[in-house]
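Keep in mind that this is a model prediction, so the values were computed, not measured.
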Amino acid sequence: MRQRQQNLLEGSCHARVEQHSRFSLKEMEITTMSEAIQLHAQILKTGSTHHNHNQNLSKLFTFSALSPSGDLSYARLILDSFPTPNSYHYNTMIRAYSQSSDPIQALHLFLPMVAKPTRHAPRPDKFTYPFLLKSCARLRLTREGKQLHGVIVKSGLGLDRYIQHSLIHMYSLGGESGLAYKVFERMSDRDVVSWTSMIDGFVDDGRPVEAIRLFEKMVDDGVEVNDATVVSVLRACAETGALGVGRRVHGVAEDRGIGLKPNVSTALIDMFAKCGCIQSARRVFDNVVDKDVFAWTAMISGLASHGHCQDAIELFCKMQDFGVKPDGRTMTAVLSACRNARWVEDGYAYMTSMQKDYGLRPTIQHYGCMVDLLARAGHLKDAEEFIRKMPMEPDAVLCRNMIWACKVHNDADRAERLIKYLQQLKTNSNDSGSFVLIGNVYASAGKWHDKAKVRDLMKQKGLVKPPGFSRIEVDGEIHEFAVGDSGHPEAETIYRKLEEIEDYLRKEGYSPKLSEVLLEIDDEEKAFQLSHHSEKLALAFGLIRTRPGSEIRIVKNLRSCENCHAVMKLISKVYRREIIMRDRIRFHHFKNGDCSCKDYW
DNA sequence: GTAGGGTTAG
């Protein structure tokens, strides 16, 4: 590439320059890189005496840096050729790097700007920092972001709202929404972007309940709400399964006349699907006039997660009939439909087709889904073979799913082999989820000594087990429960309800399967642990606080446990309640003692 | 001539 550029610079494009010379440089619009290179050659040829020289060089520099059909390295070549580049040039280059596949280059370019003043690097200004912070945000470089924050304050730019919004974004993506909130709090006359940045920041940092709370405060304070705000709070609703709030936000969006905007429609489809209302999602989807790939993908993904796999695939076909090209995420949704339906052959076919028909290179998401499909369907050997042929190292999620499947299919030998493999992988060495699962495999095999070793190792590494929790929304308020939680104000009533449930279940002849509890404790305590899984606490609370006969919706952050799954089925029958539970990978609709997943998940 | 938040993933 570089060689080709050099050749062109040195005059090999002479003929084409001639072709363009009948246009004046001023009028020339650049639309392709080859035009940009021609213009460059012409500028070099006519020399610096030309009155439009600088302006045109700037123009083609901006094109090379920022246009989707531009060329970053070419832009850098031009930048480096400027005798006295100004801050606009540097900012443009930093901006280009910040949205490129290699955002760290933005920081590299920035350093000379704050080093000892040199002839070549201009001083940073208020435009420089938002781009730099974006790079930090994308790379989750919170420490560097904090240093930048210091530089910003020292240079007197700490009150620039664009910079403040970028800081909120950077801190939140880096898992520091507390610091983001400090920035937000200190802002005087906060506008809609400030509020939206902070709401979105809470969602990015996995704190959707706070996001919803802030949205409500924003509305109470009478701050105008726009489509970005609505999209952000809908993401929070989707995450928590807060259907009531989601419906209210839907109303707000319609009142403001922004309910049909493409981004809002997609967020609504996603929210309804993730809150368990696949019909509402479909209604929104059907009303979207010009469906883009986002809308199609959100709908296909929703159908797949609800186990409507045939519908998902049919919609995928229809999407192509409409001339909409799938992207990588669409294919993940399609593969997850295959996974949930146990369609092994189709899975293979889509893996091939995405590359052949659409030129999409499969990512770890696609391989991960395919491995899960194979493994859960019982093709453990094929799954292992598939992993070996992957062009990348398996990651933590993939290994976890694989080990989970070994556990489901009672293949302890393979699990143990995978564990050894997993432990030597660099990428997984700090994934607490993998360790927990490994510990669980040992525990279920009764290897308490090995389990203890894993626990000690986790301690050494300072890894904490991510808590399992379930959420339920009652009267527009979200309640969260952890295992054996006693912190809820109504804990006493909840535990009494649980006892009542157990009585009912015993009458139905149900006894818990104790091997599911992966702790070295006696049987009575095991039974206690099982009956206090977070989803059961949420369920008991739901039974107390919702109308008899109404649906109960629960969202949990882990894959469903076999025992709880069995209990949910029974309760749906004994209490005549439809229970809609979302777990980490899909929905379970319990009704009349059966589950929509047909006990396959 | 440059800037801020915003939809779909195993």
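- Within 4.0 Å of A/Ile585, counting heavy atoms only, lies no atom of the nucleic acid at all.
- Among the protein residues, A/Thr92 comes within range of no part of the nucleic acid, since none of its heavy atoms lies under 4.0 Å from any strand.
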Working for side chain to side chain donor-acceptor pair (under 3.5 Å), residues A/Tyr74 and A/His40: CA-CA 11 Å; A/Tyr74 197 87; A/His40 196 182; 2.7 Å; yes
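- The aromatic ring centres of A/Tyr171 and A/His149 sit less than 6.0 Å apart.
- Looking at the side chain of A/Thr297, the nearest of the listed nucleotides B/dT8, B/dG5, B/dG1 is B/dT8.
- For A/Ile269 and B/dT8, the CD1 to C1' distance is 9 Å, given to the nearest whole Å.
- Ring-to-base geometry does not place A/Tyr162 in a stacked arrangement with B/dG4 (centre distance under 5.5 Å, plane angle under 30° required).
- Taking only distance into account, the side chain of A/Asp191 meets the base of B/dG4 through a donor-acceptor pair shorter than 3.5 Å.
- With B/dA3, B/dG5, B/dT7 as the choices, the nucleotide that has an atom nearest any side-chain atom of A/Arg235 turns out to be B/dT7.
- Checked against B/dG1, B/dA9, B/dT8, the side chain of A/Asp327 finds its nearest nucleotide in B/dT8.
- Closest to the side chain of A/Ser301, from the set B/dT2, B/dA9, B/dG5, is B/dA9.
- Whole-Å rounding puts the A/Asp583 CG to B/dG10 P distance at 11 Å.
- OP1 or OP2 of B/dA9 has at least one side-chain nitrogen or oxygen of A/Lys274 nearer than 4.0 Å.
- Here A/Asn86 lies in heavy-atom contact (under 4.0 Å) with a base.
- Each of A/Glu254, A/His250, A/Arg256 was compared with A/Val252 under the side chain to side chain contact (heavy atoms under 4.5 Å, CB included) criterion, and only A/Arg256 meets it.
- No side-chain heavy atom of A/Ile269 sits less than 4.5 Å from a side-chain heavy atom of A/Phe294.
- Side chain of A/Arg95, nearest nucleotide from B/dA9, B/dT2, B/dG5: B/dT2.
- As a whole-Å value, the separation of A/Gln55 CD from B/dG1 P is 10 Å.
- The shortest distance between side-chain heavy atoms of A/Gln105 and A/Ile94 does not fall below 4.5 Å.
- For B/dT2, the base is stacked against the aromatic ring of A/Phe127, per a cut-off of 5.5 Å between centres and 30° between planes.
- Rounded to whole Å, the distance from CG on A/Asp189 to P on B/dG4 is 19 Å.
- Put simply, the side chain of A/Asn91 and the base of B/dT2 share a donor and an acceptor less than 3.5 Å apart.
- Here B/dG5 presents its C1' atom at 16 Å from CD1 of A/Ile163, a figure rounded to the nearest Å.
- Listed candidates were B/dG10, B/dG4, B/dG5. Nearest to the side chain of A/Arg161 is B/dG4.
- Of the listed nucleotides (B/dG4, B/dT2, B/dG1), B/dG4 has the atom at the smallest distance from the side chain of A/Val193.
- In this structure, CD1 of A/Ile403 is placed 19 Å from P of B/dG10, rounded to the nearest angstrom.
- Between A/Trp296 and A/Phe285, the distance separating the two ring centers is shorter than 6.0 angstrom.
- Comparing B/dG5, B/dA3, B/dT8 by their nearest atom to the side chain of A/Val192 picks out B/dG5.
- In this structure, CG of A/Leu148 is placed 18 Å from P of B/dA3, rounded to the nearest angstrom.
- In the set B/dG1, B/dG5, B/dA3, the nucleotide with an atom closest to the side chain of A/Ser58 is B/dG1.
- Comparing B/dA9, B/dG5, B/dA3 against the side chain of A/Ser197 picks out B/dG5 as the nearest.
- In this structure, the OH atom of A/Tyr367 is 21 Å from the P atom of B/dA9, given to the nearest Å.
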